[in-house]
Amino acid sequence: MARRMLKLAYISDEATRKATYRKRKKGILKKMNELTTLCGIFACAIIFNPFDSQVEVWPNLEGAKQVIERYKNTPVIDESKNVNQESFLTKMIAKRQDHLKKMRQDNREKELIEVVFKYMRDKTLPNMPFGDTNDLNQVSDMPFEGVIDLNELPYMPLEDANDLNKLIEKNLNEIEINLAKLNY
């Protein structure tokens with residue numbers, strides 16, 4: 001016969017709660033004994049009994065002290081393998097912030113390249129704050145690997161320039177969507 005699903009909630013009836021405590025404590029201590037025997041590990045259990053003031057220690061007080069002392073004396077190298085939630089989240093946030101910073105930098109470079117292309121097409125620079133003009137100077141110094149010298153390009157019909165502009169706008173929209181996803 002299969003066991004019925006157990007509702008995991010506080011047991012309000014004290015007699016039932018005591019019986020459940022005794023049975024489950026016995027089961028946990030049995031599992032601890034099996035684990036230490038089968039796997040050859042060191043383990044201990046300290047159980048604060050809610051029904052009397054006595055603290056129960058498995059296997060015994062001296063054995064528990066040895067396990068705890070052994071844990072305290074583990075080298076720092078082994079403790080670095082233990083990852084808690086706070087350090088994990090801190091590392092993940094730092095990674096995401098670095099990724100976001102790189103994406104913003106790439107986005108800025110693409111925006112400036114678009115300004116350069118618009119200048120080449122319209123021969124006018126848009127109104128830009130002072131910092132943007134400094135960024136634009138950096139764009140002119142950027143090594144465009146694999147890009148043909150603009151003076152070598154043949155005449156580009158207006159339709160092709162519009163297609164290029166649409167492609168650039170599409171890429172910028174994709175970047176903005178990705179940035180929005182990162183910022184939630």
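Since the model is a prediction, treat every value here as computed from it, not as a measurement.
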Reported [atom1]-to-[atom2] distance for the pair [X] and [Y], which is rounded to 0.5 angstrom:
X	Y	atom1	atom2	result
Glu176	Glu169	CD	CD	10.0 Å
Arg24	Lys31	CZ	NZ	12.5 Å
Cys44	Gln66	SG	CD	10.5 Å
Arg104	Ile175	CZ	CD1	13.0 Å
Phe88	Thr90	CZ	OG1	10.5 Å
Met103	Gln105	CE	CD	12.5 Å

Does [atom1] in [X] sit with more than 12 non-hydrogen atoms of other residues, nucleotides or ligands closer than 6.0 Å?
X	atom1	answer
Arg70	CZ	no
Glu34	CD	yes
Phe51	CZ	yes
Gln85	CD	no

Quiz item: What closest approach, in Å, do Pro59 and Ala43 show between heavy atoms, and which atom pair accounts for it?
Solution: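 In this case the closest contact between Pro59 and Ala43 is CD-O, 3.9 Å.
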Quiz prompt | Cationic N near anionic O, under 4.0 Å, Glu69 to Lys72 | solution =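 Here Glu69 does not pair with Lys72 in a salt bridge, since their nearest N and O are not under 4.0 Å apart.
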If you group Ile, Leu, Val, Met, Phe, Trp and Tyr by side-chain heavy-atom gaps below 4.5 Å, do [X] and [Y] land in one group?
X	Y	result
Ile68	Val57	yes
Phe48	Leu61	yes
Leu29	Leu38	no

Taking the side chain as every heavy atom from C-beta outward, state whether [X] and [Y] have any pair of such atoms under 4.5 Å apart.
X	Y	result
Ile41	Leu35	yes
Asn49	Gln54	no
Gln97	Ile93	yes
Thr36	Asn33	yes
Leu172	Asn107	yes
Tyr21	Ile47	yes

